[in-house]
A.B. asks: 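Following this message is one structure expressed as structure tokens.
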Amino acid sequence: MADSRQLVLLGCLLLMLAAVHAVYKVATGGNALDAVFDFLLLGFSGLLVTYVGTWLTSSKIDAEFYRRVLLWCLGGVGVMFVFLLLRALHPGISNPFSHSTRAIALAIASVAGLGIGIHDARALTREHELQQEHDRFRAVFERSFDAMVIADDDGTYLDVNESASELFGLPTDELRGRTIEEFLPDRYDFEQEWQQFQTSENGRGTVPLVRSDGTQRLVEYAAATDIYPGQHLSILRDITARVEYQRKLEESNERLEQFAYAASHDLQEPLRMVTSYLQLLEDRYADDLDANGEEFIEFAVDGAERMREMIDGLLEYSRVETQGDPFEPVDLARVVTDVRMDLQFQIEDSGAKITTDELPQVYGDDGQLRHVFQNLLSNAIEYSGDEPPRVHIAAERVGHEWRISVRDEGIGIDTDDVERIFEVFQRLHSYEEYEGTGIGLALCKRIVERHGGEIRVDSEPGVGSTFSITLPAVPDS
């Protein structure tokens, strides 16, 4: 900042010099028009230097180079001053410059020096920025947890970081000059992989890698081509453990689904037998049963029926991934219309009023999405409290997804329970208060997650709840 003010001071001195020179010329009998002309020339250079001094602070020029602009400006004046001095002292020159000519020459020299100084400062600033970018890149390159390598067009490693050394199992010095082909398994089609990499727009993929100790790892890479002419940067990440964990998780989920399906399916038959014998007992020995006996049988039948509903729900829950239909464009307006027809008696009995925004098309499983909306609307009606249900369905586009909200004005949900309601067999009310199996919202969550979305609820007890789900938009054709 101080150097910038010095440049402003120099400009002011040039303005003062222009004024003094003009006054002196008029006072010594000089032509007034010439004096004005000289003042304008000298004053312009002063104004220009002053303006540059104030402009520097708002420019992209680094403050540490302000002094160079000042020195170049003074240097231009100094060179011109030496030239004029030598010319005046030269014995062979009989026609020296006039005072006006000398002043104007000095002013022109200051402007020339100023221009050179600005150009020099800009070049140095750019060089400084490039050096900072290089230093930042080196810091990221050397300290990255991911392996990073710089290679030429032939795939030869020019530079590697320590993480690359750990991944390949070789010191960095021994890695330089090697190629990825040397670390690939035998009979691996490297040419095809290399061609795909060079023609790929996103520069991503996976490749098997054989370490120096002979162990094989699966590596995920992301590459940026042409970071410098003839060079590209690759970022490598060992995903062997992640892939193995994912494989085990998928196997575990598959076994869990098979168990849930087998358990729920195998429980159906003995449960049907229990229900049938209870009903047979009631039919044959109704006259021999007292009030307590009839009540006990009624409780048993009711419990068996609830267990059947829970088993059916568990069976459906286990089939979300395996029994779902392929994704296709789904018209949500039609889905909601069909659901309202299915819930017609519940809507009429409760006096519910359901309103909707204009609903979009989404990409998903028509049957599963219909189940989601049937569950959300049915819950909104059932948990409406004493007032007639008021439900509104809204839609909002968010990037590549649609956020669909189902808002009611019902009894609401306590803050401590908003996560628990999406777990299997979790109920917030007794069966005597509200019917249900405790699977519906858990099933909704699993269906939404199968679609790559999420479900959440915002609620306040006594005010109402808003269930929001995100679903993928129909891909552009």
Side-chain angles (χ1 to χ4, degrees), residues 144-149 161 163-170 180-197 200-223 234-266 313-328 363-365 367-369 372 400-401 419 422-425 439 442-455 469-472 475:
S144 173
F145 289 108
D146 291 324
M148 302 179 73
V149 298
N161 65 357
S163 296
S165 172
E166 295 175 5
L167 175 63
F168 287 88
L170 286 174
I180 185 62
E181 191 172 6
E182 300 177 45
F183 299 95
L184 296 176
D186 295 337
R187 297 183 299 278
Y188 184 81
D189 191 353
F190 173 71
E191 287 299 325
Q192 180 181 1
E193 182 75 27
W194 184 248
Q195 290 298 324
Q196 289 179 351
F197 163 72
S200 174
E201 294 183 359
N202 58 10
R204 294 178 179 273
T206 56
V207 63
L209 181 147
V210 180
R211 287 166 45 89
S212 60
D213 59 6
T215 59
Q216 183 167 314
R217 316 296 291 175
L218 185 62
V219 174
E220 182 180 61
Y221 68 81
S234 294
I235 302 174
L236 311 174
R237 179 175 297 174
D238 187 348
I239 60 171
T240 308
R242 188 182 78 189
V243 171
E244 179 65 16
Y245 175 79
Q246 184 176 354
R247 183 188 65 80
K248 291 181 178 179
L249 184 61
E250 289 175 353
E251 290 180 353
S252 176
N253 287 338
E254 185 177 352
R255 288 193 297 268
L256 197 59
E257 288 180 4
Q258 290 174 350
F259 168 76
Y261 175 79
S264 58
H265 183 271
D266 292 345
L314 183 61
L315 187 61
E316 190 170 5
Y317 183 85
S318 68
R319 290 175 168 178
V320 168
E321 297 289 343
T322 58
Q323 300 295 322
D325 292 329
F327 286 4
E328 60 182 4
Y363 196 62
D365 183 329
Q368 290 187 346
L369 292 180
V372 169
H400 298 292
E401 295 180 324
E419 294 296 333
F422 295 110
E423 298 176 8
V424 178
F425 298 137
I439 291 183
L443 181 59
C444 289
K445 180 180 180 182
R446 193 161 192 211
I447 291 173
V448 171
E449 289 177 346
R450 184 201 171 206
H451 287 72
E454 62 178 5
I455 182 170
I469 62 175
T470 54
L471 298 170

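All values derive from a computational prediction rather than experimental measurement. Values below: every heavy atom of this structure, side chains too, minus hydrogens, waters and symmetry copies.
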A.B. asks: Could you measure the distance from the CG atom of Leu249 to the CZ atom of Arg242? Nearest 0.5 Å is fine.
C.D. replies: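 Answer rounded to 0.5 Å: 13.0 Å.
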A.B. asks: Any Lys/Arg nitrogen of Glu449 or Arg446 sitting under 4.0 Å from an Asp/Glu carboxylate oxygen of the other?
C.D. replies: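 No.
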A.B. asks: With Val219, which residues qualify under side chain to side chain contact (heavy atoms under 4.5 Å, CB included), at least two apart?
C.D. replies: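 Residues passing side chain to side chain contact (heavy atoms under 4.5 Å, CB included) with Val219: Leu167, Val207, Leu209, Leu236.
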A.B. asks: How long is the straight-line distance from CG of Asp238 back to CZ of Arg211, given to the nearest 0.5 Å?
C.D. replies: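 Result: 8.5 Å between the selected atoms.
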A.B. asks: Looking only at non-hydrogen atoms, find the nearest pair between Met148 and Ile235 and report the distance.
C.D. replies: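 Heavy atoms only, the tightest pair is CE-CG1, 4.1 Å.
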A.B. asks: In Å and rounded to the nearest 0.5 Å, what is the OG to CZ distance from Ser212 to Phe168?
C.D. replies: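 Result: 10.5 Å between the selected atoms.
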A.B. asks: Roughly how far, to the nearest 0.5 Å, is the CD atom of Gln368 from the CG atom of Asp325?
C.D. replies: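 Result: 7.5 Å between the selected atoms.
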A.B. asks: Holding to side-chain hydrogen bond (donor to acceptor under 3.5 Å, both in side chains), I want the full list of residues that pass it with Ser144, two or more places apart in sequence or in another chain.
C.D. replies: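 side-chain hydrogen bond (donor to acceptor under 3.5 Å, both in side chains) check on Ser144 returns nothing, list empty.
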A.B. asks: Please identify each residue that fulfils side-chain hydrogen bond (donor to acceptor under 3.5 Å, both in side chains) with Asp146, with sequence neighbours left out.
C.D. replies: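 Checked Asp146 against side-chain hydrogen bond (donor to acceptor under 3.5 Å, both in side chains); matches are Arg237.
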A.B. asks: So, does His451 use its side chain to make a donor-acceptor pair with the main chain of Asp365 at under 3.5 Å?
C.D. replies: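 Such a contact is found between His451 side chain and Asp365 backbone.
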A.B. asks: Taking salt bridge (charged side-chain N to carboxylate O under 4.0 Å, His left out) as the test, write out the residues that go with Glu182, two or more places apart.
C.D. replies: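 Here the qualifying residues are Arg178.
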A.B. asks: Would you check if Gln216 and Pro185 make a side-chain contact, meaning some heavy-atom pair closer than 4.5 Å?
C.D. replies: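 With C-beta onward as the side chain, the pair touches.
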A.B. asks: To the closest 0.5 Å, what do you measure between CD1 (Ile447) and CZ (Arg450)?
C.D. replies: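 Output value for this atom pair is 9.0 Å.
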A.B. asks: Between Pro208 and Leu218, what is the shortest heavy-atom contact and its length?
C.D. replies: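 Nearest heavy atoms, Pro208 then Leu218: N-CD1, 4.2 Å.
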A.B. asks: Work out which heavy atom in Gly364 is nearest to a heavy atom in Leu369; give both atom names and the distance.
C.D. replies: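 Result for this residue pair: CA-CD1, 4.4 Å.
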A.B. asks: Quick one: which of Glu244, Gln246, Arg217, Glu220 gives a side chain to side chain contact (heavy atoms under 4.5 Å, CB included) with Ile239?
C.D. replies: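 Looking at Glu244, Gln246, Arg217, Glu220, the match for Ile239 under the side chain to side chain contact (heavy atoms under 4.5 Å, CB included) is Glu220.
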A.B. asks: Applying side-chain hydrogen bond (donor to acceptor under 3.5 Å, both in side chains), can you list everything that pairs with Glu454, at least two apart in sequence or on another chain?
C.D. replies: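 Applying side-chain hydrogen bond (donor to acceptor under 3.5 Å, both in side chains) to Glu454 gives none.
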A.B. asks: For Glu401, what residues pass the salt bridge (charged side-chain N to carboxylate O under 4.0 Å, His left out) criterion, not counting sequence neighbours?
C.D. replies: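 Glu401: no salt bridge (charged side-chain N to carboxylate O under 4.0 Å, His left out) contacts found.
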A.B. asks: Looking at side-chain heavy atoms only, is the closest gap between Ile455 and Cys444 below 4.5 Å?
C.D. replies: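 The answer is yes, as the side chains (C-beta and beyond) meet within the 4.5 Å cut-off.
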